[in-house]
Amino acid sequence: MDGVDKEKVQRVVYEMSKGSKYFENEERKEAFIRQKIEHMRARAAKIPAADLSHYQKVVDKRILELEATRELSRIWLHVDMDAFYAAVETLSNPLLKGKPMAVGGMSMISTANYEARKFGVRAAMPGFIARKLCPELIFVPTDFEKYTHYSNLTRKVFQNYDPNFMAASLDEAYLDITEVCKERGISGAEIAEELRSRVHEETGLTCSAGVAPNRLLAKVCSDINKPNGQFVLPNDRMAVMTFISSLPIRKIGGIGKVTENILRGVLGINTCEEMLRKGSFLCALFSHSTADFFLSVGLGLGGTDTPEARFRKSISSERTFSATQDTALLYQKLADIAEMLSADMQKEGLCGRTLTLKLKTASFEVRTRAVTLQKYICSSDDILKYASRLLKAELPISLRLIGLRVSHFNEDKVGVPVDPTQKTLTTFLISGDASTKIVDDQSSFGSDLSNLHFRNDRETVFSVDIHETCHYEFGDPFKSNPLQDVDDNNCISSENAWEMEQIHELSSNKTEAMVKTADGVVHTLKPSNGVLWVSEEDSSVQKEPEDSNPDRLNKEASTLGNEEFFLSNHIEQLYWVNDYRCSLCGAELPSSFVEERQEHSDFHLAERLQKEESGADSRAMMPRQRIVPQDHVVNQRRRKKHKSSPRQGRHLPIDSFFVKSNQNF
DNA sequence: GCGGATCAC
DNA sequence: TATGGTGATCCGC
């Protein structure tokens with residue numbers, strides 16, 4: 001930015017940071033990266049010429065392949081609100097206008113207005129340094145409800161241009177404006193102008209836009225004339241290549257500080273074009289997928305597909321506090337986090353079987369410790385129980401942060417959210433009314449990526465066809481079959497009566513099939529709404545030792561049994577004969593050997609999974625299998641590794657309707 | 001599957 | 001006085 005004395009800013013930041021634990025850790029990290037760069041440089045220097053020429057051939061071929069996927073027929077627009085949180089705060093308090101202001105607190109700033117930026121104040125800068133740079137700086141605490149409200153207003157505008165627009169965060173979105181350009185016979189630039197002024201009319205906020213043939217480029221473009229400006233990159237291969245040739249790699253989404261340093265330090269790469277020139281080295285030094293990504297960046301490709309709906313894969317909660325090594329205090333913090341996480345999970349109707357403990361030591365070193373359980377958990381008691389074991393192994397330790405994350409969800413869409421406001425989304429989706437409040441809890445700076453998708457995902461249980469009217473779904477309705485979610489949903493969350501009623505209802509269904517499993521237990525299968533459910537008719541299956549503990553035999557006990565029962569295939573179900581002998585291999589482990597039993601059952605689980613994977617698809621016979629007409633989409637789960645996912649054969653002649661050329665080229 | 005790391009916002 | 005929280009992904013075991 002103009003008028004910023006970068007040197008002075010750097011000096012202040014250094015003076016304020018120097019000697020702190022944070023700073024020391026940063027130095028350690030930097031030293032480590034320097035070492036890594038040195039190592040890679042040595043490797044690069046030792047690559048035999050023969051290998052390099054081989055890699056060059058590979059690269060040439062790959063570039064041709066990538067080039068063939070170039071898509072110039074779509075027009076993408078990336079909208080980015082200008083200093084969003086700060087702008088919203090100014091809107092609600094006009095006295096702030098014209099004054100340097102930052103949203104956040106003394107320890108961290110999430111964004112600053114343009115007046116503050118002139119002083120070098122930036123997002124992700126600690127407040128006390130910002131205040132040093134700009135003593136007049138006004139601090140305003142974050143208010144996500146407010147930002148969400150304004151975000152929804154902007155999204156209502158976006159919707160008029162692309163009903164399937166992709167919200168990237170509260171203040172950013174990607175729109176495919178190909179159709180609207182065609183229909184109205186106007187250019188992307190004109191659409192961008194109009195959209196921006198409509199956003200301003202609706203919200204009083206300004207935004208910047210980038211128009212380009214793909215999302216990767218559109219994102220870069222929206223940054224060029226910020227704030228309150230736009231930049232259009234025409235759908236012309238030459239224009240793209242010219243644009244890319246001088247573009248610093250750091251501008252590309254996905255290339256951060258470290259990658260930039262590595263590419264520059266090892267191969268002297270500064271611009272995207274140099275990615276192509278050093279292609280053979282990239283292939284030699286990086287993994288296939290990373291090299292592929294770099295090459296496509298060099299070609300200016302990325303983000304022309306219409307991605308599948310995205311599903312949340314984890315949920316977490318973490319807190320920073322003043323560093324302590326007081327074990328009792330640490331356990332208390334852990335309990336608090338477990339409580340918060342559990343509450344969030346229940347709001348979202350989620351259960352998961354992998355629990356990850358995150359620790360940040362007083363010296364800023366980050367550690368994670370994870371455990372994958374056989375059962376799905378969501379109660380704070382369960383979370384705390386396993387989290388405590390993980391923490392215990394790290395003691396004694398001095399910590400400044402504790403976090404917990406749960407992943408490996410059971411994708412249990414049976415769980416209706418406990419929070420009744422959640423239902424408004426269903427209403428919203430069906431009515432298509434974007435003015436309805438969508439995001440009801442917004443408690444982070446930037447975790448809202450596709451918030452909506454997560455919600456949609458969960459809600460689909462109630463109305464399996466709402467994806468037709470779901471404006472925020474990322475993808476093709478045929479690819480994102482919501483029923484698929486039910487696929488692995490054998491964990492019946494115990495948390496509310498509604499679910500139990502559903503289970504009960506299913507149990508009374510007339511058409512049912514009996515299945516006798518290897519352990520001799522008979523279960524009934526009951527189809528309902530085209531989905532086959534398993535119900536437990538016989539509870540002779542032993543619960544996990546922990547759950548035989550009287551402490552656990554509360555309201556959850558009966559269904560916790562279900563969870564474990566459901567989650568494994570009935571065939572080969574492990575239980576402890578007479579509470580000491582493994583039903584599968586005869587190994588003997590008394591119930592007090594809790595950890596050993598867990599390990600043991602993990603072993604059998606792994607064994608079984610291996611068998612499942614290698615063997616013919618015997619799953620078709622198993623009760624877990626969902627039986628619905630839409631089965632052909634079950635495979636939706638595979639994920640692409642990178643950004644470019646071109647559609648073969650859809651390559652169209654350049655510039656079919658894009659007439660406006662950009663004078664900058 | 002785990003743990004460390006990077007990245008985005 | 002003081003350097004965040006949430007989520008995704010990748011790599012190398």
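Convention: sequence-line order gives letters A, B, ...; per-chain numbering from 1. Side-chain atoms are counted along with the backbone in the values below, which use heavy atoms only and exclude waters and symmetry mates.
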* **A/E24 side chain to A/S20 side chain, donor-acceptor N/O pair below 3.5 angstrom** =>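 Not at all, the side chains of A/E24 and A/S20 share no donor-acceptor pair under 3.5 Å.
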Nucleotide nearest [X] (side chain, heavy atoms from C-beta), chosen from [options]:
{"X": "A/S17", "options": "C/dG5, C/dT3, B/dA8", "value": "C/dT3"}
{"X": "A/V258", "options": "B/dC9, B/dC7, C/dA8", "value": "B/dC7"}
{"X": "A/R367", "options": "C/dT3, C/dC11, B/dG4", "value": "B/dG4"}

Mind checking [X] for me? I need base, sugar-phosphate or nothing, with any heavy atom below 4.0 Å counting as a touch.
{"X": "A/K257", "answer": "sugar-phosphate"}
{"X": "A/K360", "answer": "sugar-phosphate"}
{"X": "A/S317", "answer": "sugar-phosphate"}
{"X": "A/A124", "answer": "base"}
{"X": "A/E172", "answer": "sugar-phosphate"}
{"X": "A/R369", "answer": "sugar-phosphate"}
{"X": "A/L359", "answer": "nothing"}
{"X": "A/I129", "answer": "base"}
{"X": "A/T259", "answer": "sugar-phosphate"}

* Asked: Excluding sequence neighbours, so at least two apart, what forms side-chain hydrogen bond (donor to acceptor under 3.5 Å, both in side chains) with A/D223?
  ->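 Residues passing side-chain hydrogen bond (donor to acceptor under 3.5 Å, both in side chains) with A/D223: none at all.
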* **Cation-pi geometry met for A/K333 and A/F321 (6.0 Å, 45°)** =>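 Verdict for A/F321: a cation-pi partner in A/K333.
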* **All pairs passing ring pair (Phe, Tyr, Trp, His ring centres under 6.0 Å) where residues 337-375 of chain A contributes a residue, at least two apart** =>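 Of all non-adjacent pairs touching residues 337-375 of chain A, those that pass ring pair (Phe, Tyr, Trp, His ring centres under 6.0 Å) are A/Y22-A/F364.
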* Asked: When you compare C/dT3 with B/dA8, how far apart are their P atoms, in angstrom units rounded to a whole number?
  ->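 Their P atoms lie roughly 24 Å apart.
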* Please report the C-alpha distance between A/D82 and A/T206 in whole Å, then the side-chain angles of each, then the deciding distance to 0.1 Å, and finally whether the side-chain hydrogen bond (donor to acceptor under 3.5 Å, both in side chains) criterion is met. => CA-CA 6 Å; A/D82 301 326; A/T206 65; 2.7 Å; yes
* In terms of the nearest nucleotide of DNA chain C, which residue is placed more toward the 5' end: A/F364 or A/I315? ->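 This one resolves to A/F364.
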* Asked: Taking the nucleotide of DNA chain C with the closest heavy atom to each, which residue, A/K358 or A/F23, is nearer the 5' end?
  ->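 Nearest-nucleotide comparison on DNA chain C picks A/F23.
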* Under 4.0 Å between a side-chain N or O of A/R131 and OP1 or OP2 of C/dA2? ->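 No, no such contact exists.
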* Whole-Å distance between B/dT6 C1' and A/I37 CD1? ->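 Going from CD1 in A/I37 over to C1' in B/dT6 covers 14 Å.
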